[in-house]
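By convention in this document, chain letters (A, B, ...) are assigned in the order of the sequence lines, proteins followed by strands, and residues within each chain are numbered from 1. Computation of the quantities below employed the complete heavy-atom set of this structure, encompassing side-chain atoms and omitting hydrogens, waters and symmetry-equivalent molecules.
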Protein chains: 4
Amino acid sequence: MGGAQERPLRADAARNRARLLDVATEVFTTRGVGVPTEEIARIAGVGVGTLFRHFPTKEALLEAVMVRRLEEMAARTAQLAAGADPAEAFFACFRLLVEQSEGKNELAGALAAAGVDVHASLQGPTMEIQGRLGDLLAGAQRAGAVRPELGLPEFVALLAGTGRALEQLGADPAPRERIFEVVFDGMRPH
Amino acid sequence: MGGAQERPLRADAARNRARLLDVATEVFTTRGVGVPTEEIARIAGVGVGTLFRHFPTKEALLEAVMVRRLEEMAARTAQLAAGADPAEAFFACFRLLVEQSEGKNELAGALAAAGVDVHASLQGPTMEIQGRLGDLLAGAQRAGAVRPELGLPEFVALLAGTGRALEQLGADPAPRERIFEVVFDGMRPH
Amino acid sequence: MGGAQERPLRADAARNRARLLDVATEVFTTRGVGVPTEEIARIAGVGVGTLFRHFPTKEALLEAVMVRRLEEMAARTAQLAAGADPAEAFFACFRLLVEQSEGKNELAGALAAAGVDVHASLQGPTMEIQGRLGDLLAGAQRAGAVRPELGLPEFVALLAGTGRALEQLGADPAPRERIFEVVFDGMRPH
Amino acid sequence: MGGAQERPLRADAARNRARLLDVATEVFTTRGVGVPTEEIARIAGVGVGTLFRHFPTKEALLEAVMVRRLEEMAARTAQLAAGADPAEAFFACFRLLVEQSEGKNELAGALAAAGVDVHASLQGPTMEIQGRLGDLLAGAQRAGAVRPELGLPEFVALLAGTGRALEQLGADPAPRERIFEVVFDGMRPH
DNA sequence: AATGAATGAGCATTCATTCAT
DNA sequence: GATGAATGAATGCTCATTCAT
């Protein structure tokens, strides 16, 4: 499976890397990807040089943020998929992914805009998530809980769209819940 | 009330303004809001100075693009709302607005990111659209075609979300149609 | 012969461009090519933006400096070549080119280091000069004033080498003259 | 006089120092002095820290490279000067020094650009070489093989210039040889 | 009114040098 | 002594905006 031979990384270096990733995730998500690298480094309490030692490009930093998010999602998805009832697992997972992905849209857009094969390192996690989602969807469809004509692409599109709808709304939980009701009811067989 | 005292604008100036708006709409929608002002001017066949005479800020240009889109939407909405069956009008209008708004998300985001009271000049068209949409929604709900607990904010959120979902999908019409089915079925009373 | 369609350039713009070229020539020659672009702009009394408007890259500026030098050389060479006695013209021209090229070595090196086909725009002037030099050399050889086995490459190498030798020496004219004597005597038939 | 009190240096440290010097010589000569210190360290198989322990500045490294080259030259010069015929020794030595110094020009330039008293540590070897060269030159002049009016400075300038001329040429030996012929013939009494 | 040259703050990135491990 | 992570000043370049022509 290739993969670079990566030296374990000294404790402090690992801490800095993690801190940078945390700060970048937070900052890119809340303030957009236009935030200067220097500010990210400053908030993380390191010099710019350190940021660029860990992520040779701003784009590489964006990518790393995305990859981590995707990996977290994959992990959560795996947990839920292991649960009992397929239908329940499906809807719980949908909810989870939507809530996890708030603010992620711009990141993905920036990455897409940045260039050609950015997806190189995103392929892995993306494929993994999509595989799990496919299983989940198939299980729910077999259980008769989801319209059989929906494919994985539509499912993913609905995830993104539902996330977008929630972003539009404020923090008040009632309207948010109503969005979920609409989407969940709509996905059920008619 | 009533806006600034605006001199009627010479014919060529009006043509330039319109051309800039067209180009900006096209370019911002397809290539993102990061495109330099100079390029917009160049494509429109005018100097940058002219662009800045008509729109004193890049942000003002973004705003004008949005305003025009909103106004067009308001007009279309009005046409449809005037039609016969409330339920039919509601769903037709939803579809129309969603399809009209593809690529608009980033614009709105950029505007939101740009600052506080950008909405000043968007208030007018937005209010008008929202008013019409409210009427449409109320009509459809009275006709029993839409769940009564959905408010205008949820409706607007669903518009944005459905647009986002379609962006995720390719040009193939079948999956796109399935998204509409899910959302429309979900909005109906259960 | 192709060539970009170049608008005549406004008077002030032309002045700035010329000034930047003058300053860059002076500064690169005396202090090396490592001098920051900002400083060149500052000395020329313009902003960095102006520098980059005229020369889209630092490398492009270096190239322009070289091109101008080469063109001047070509012009001088042409003048001398038009003169009477071939042998006399040859030696006068050699002297002139050597003296003109002091400090040019580093420029050429930087350009060479910068990349592959930098020579694109240098080809023209270079070819022109080399053509004239070839004529000059052939004339001098026909007149029996220069060893017949010397080719154009050796001639050019001797130009560069003599320039380098003079750089090594101070401003005192006597030793400089002795270098010319050695080289000129060495080029004569033996 | 006498230099700093220098502890004999542990075996591995000495090996590292030598390796760094070798790598730096190779790299600076072939790729220019712009190569980052980190890369030199990497090629030498040590950390940057080690490089800076041995050479407190990049400039110090450049200087050490030069000093070693000069010392080697001095040694070779001494060998040749010890040989029989003064004229023969002179020309052989000239040839040798020229060939040894290819690629050295940029180093010297960088050093000169670096500042004030760089020459401090170069004085020693330089003086030694110049002394030997002076002897060689004087011997050749006494033997009537070299024009009597040439001084040491001109001789050194011719060395540098001939090196430069050869750099201009490719690897083909015939034109290179013709350069030597020109210079050698030019140095002989006329 | 239109033009496009000029401006300069701002940004991503590099690299010599330091210092904790 | 060796290592390489951290530092941050410096650099080339961009782009929204202004203003002389």
Side-chain angles (χ1 to χ4, degrees), chain A residues 7 9-17 34-42 45-61, chain B residues 7 9-14 16-17 34-42 45-61, chain C residues 7 9-17 34-42 45-61, chain D residues 7 9-13 16 34-42 45-61:
Chain A
R7 169 179 318 281
L9 214 50
R10 254 163 46 183
D12 55 347
R15 207 161 33 242
N16 277 339
R17 201 194 128 92
V35 177
T37 48
E38 290 224 30
E39 177 145 20
I40 300 196
R42 195 174 47 67
V46 303
V48 233
T50 302
L51 189 157
F52 278 95
R53 163 174 280 268
H54 287 292
F55 308 97
T57 294
K58 188 180 189 178
E59 193 188 298
L61 178 57
Chain B
R7 173 178 314 279
L9 217 48
R10 263 167 39 184
D12 57 346
N16 278 341
R17 202 194 125 91
V35 177
T37 48
E38 290 226 29
E39 175 143 22
I40 303 208
R42 194 175 48 70
V46 303
V48 234
T50 303
L51 188 157
F52 278 92
R53 164 171 286 270
H54 287 293
F55 309 95
T57 319
K58 187 180 191 179
E59 194 188 298
L61 177 57
Chain C
R7 170 177 317 281
L9 214 50
R10 253 163 47 184
D12 54 348
R15 204 159 37 240
N16 277 337
R17 200 193 129 93
V35 177
T37 48
E38 291 224 29
E39 177 145 19
I40 299 195
R42 195 174 46 69
V46 303
V48 232
T50 302
L51 188 156
F52 280 96
R53 164 174 280 267
H54 287 291
F55 308 96
T57 296
K58 188 179 188 180
E59 194 188 299
L61 177 58
Chain D
R7 175 179 311 280
L9 218 49
R10 262 167 39 184
D12 57 345
N16 278 340
V35 177
T37 50
E38 290 226 30
E39 176 143 21
I40 303 207
R42 194 175 49 67
V46 303
V48 233
T50 303
L51 189 157
F52 278 92
R53 165 171 284 271
H54 286 293
F55 308 96
T57 319
K58 187 179 191 180
E59 194 188 296
L61 177 58

### Query
Could you give the distance from CG (C:Asp12) to CZ (C:Arg15), rounded to the nearest 0.5 Å?
6.0 Å
### Message
Show me, range against range, the stems involving DNA chain F, built from at least 3 consecutive Watson-Crick or G-U pairs below 3.5 Å.
### Response
E:2-21 with F:2-21
## Note on the structure
For A:Val35 and A:Lys58 the tightest heavy-atom approach is O-NZ, 3.0 Å
### Query
Can you tell me how far P of F:dT11 sits from CG of C:Leu51, to the nearest Å?
14 Å
#### Entry: Spacing between C:Arg15 atom CZ and E:dA6 atom C1', to the nearest angstrom
13 Å
### Query
Can you find a side chain N or O atom of C:Arg53 that sits less than 4.0 Å from OP1 or OP2 on E:dA6?
no
### Query
Toward the 5' end of DNA chain F, which comes first, D:Val46 or A:Gly47, by nearest nucleotide?
D:Val46
### Query
How long is the gap from CD on D:Glu59 to CG on D:Leu61, to the nearest 0.5 Å?
10.5 Å
### Query
If you pin C:Asp12 and B:Thr50 to their nearest nucleotides in DNA chain E, which one's is more 5'?
B:Thr50
### Query
Would you say F:dA2 has OP1 or OP2 under 4.0 Å from some side-chain N or O of D:Asn16?
yes
### Task
Of all the heavy-atom pairs spanning B:Thr37 and B:Leu51, show the shortest one and how long it is.
O-CD1, 3.6 Å
### Task
Respond yes when some side-chain nitrogen or oxygen of C:His54 is under 4.0 Å from OP1 or OP2 of E:dA6, and no when none is.
yes
### Task
Mind checking the CG-CZ spacing from C:Asn16 to C:Arg53? Nearest 0.5 Å is all I need.
11.0 Å
### Query
What is the distance from CZ of C:Arg42 to P of E:dA6, rounded to the nearest Å?
19 Å
Hey, what are the protein-to-nucleotides 16-19 of chain E N/O distances that come in under 3.5 Å?
| unit_1 | atom_1 | unit_2 | atom_2 | d |
| --- | --- | --- | --- | --- |
| E:dA16 | OP1 | D:Lys58 | NZ | 2.8 |
| E:dA16 | OP2 | D:Thr37 | N | 2.8 |
| E:dA16 | OP2 | D:Thr37 | OG1 | 3.0 |
| E:dT17 | OP2 | D:Lys58 | N | 2.8 |

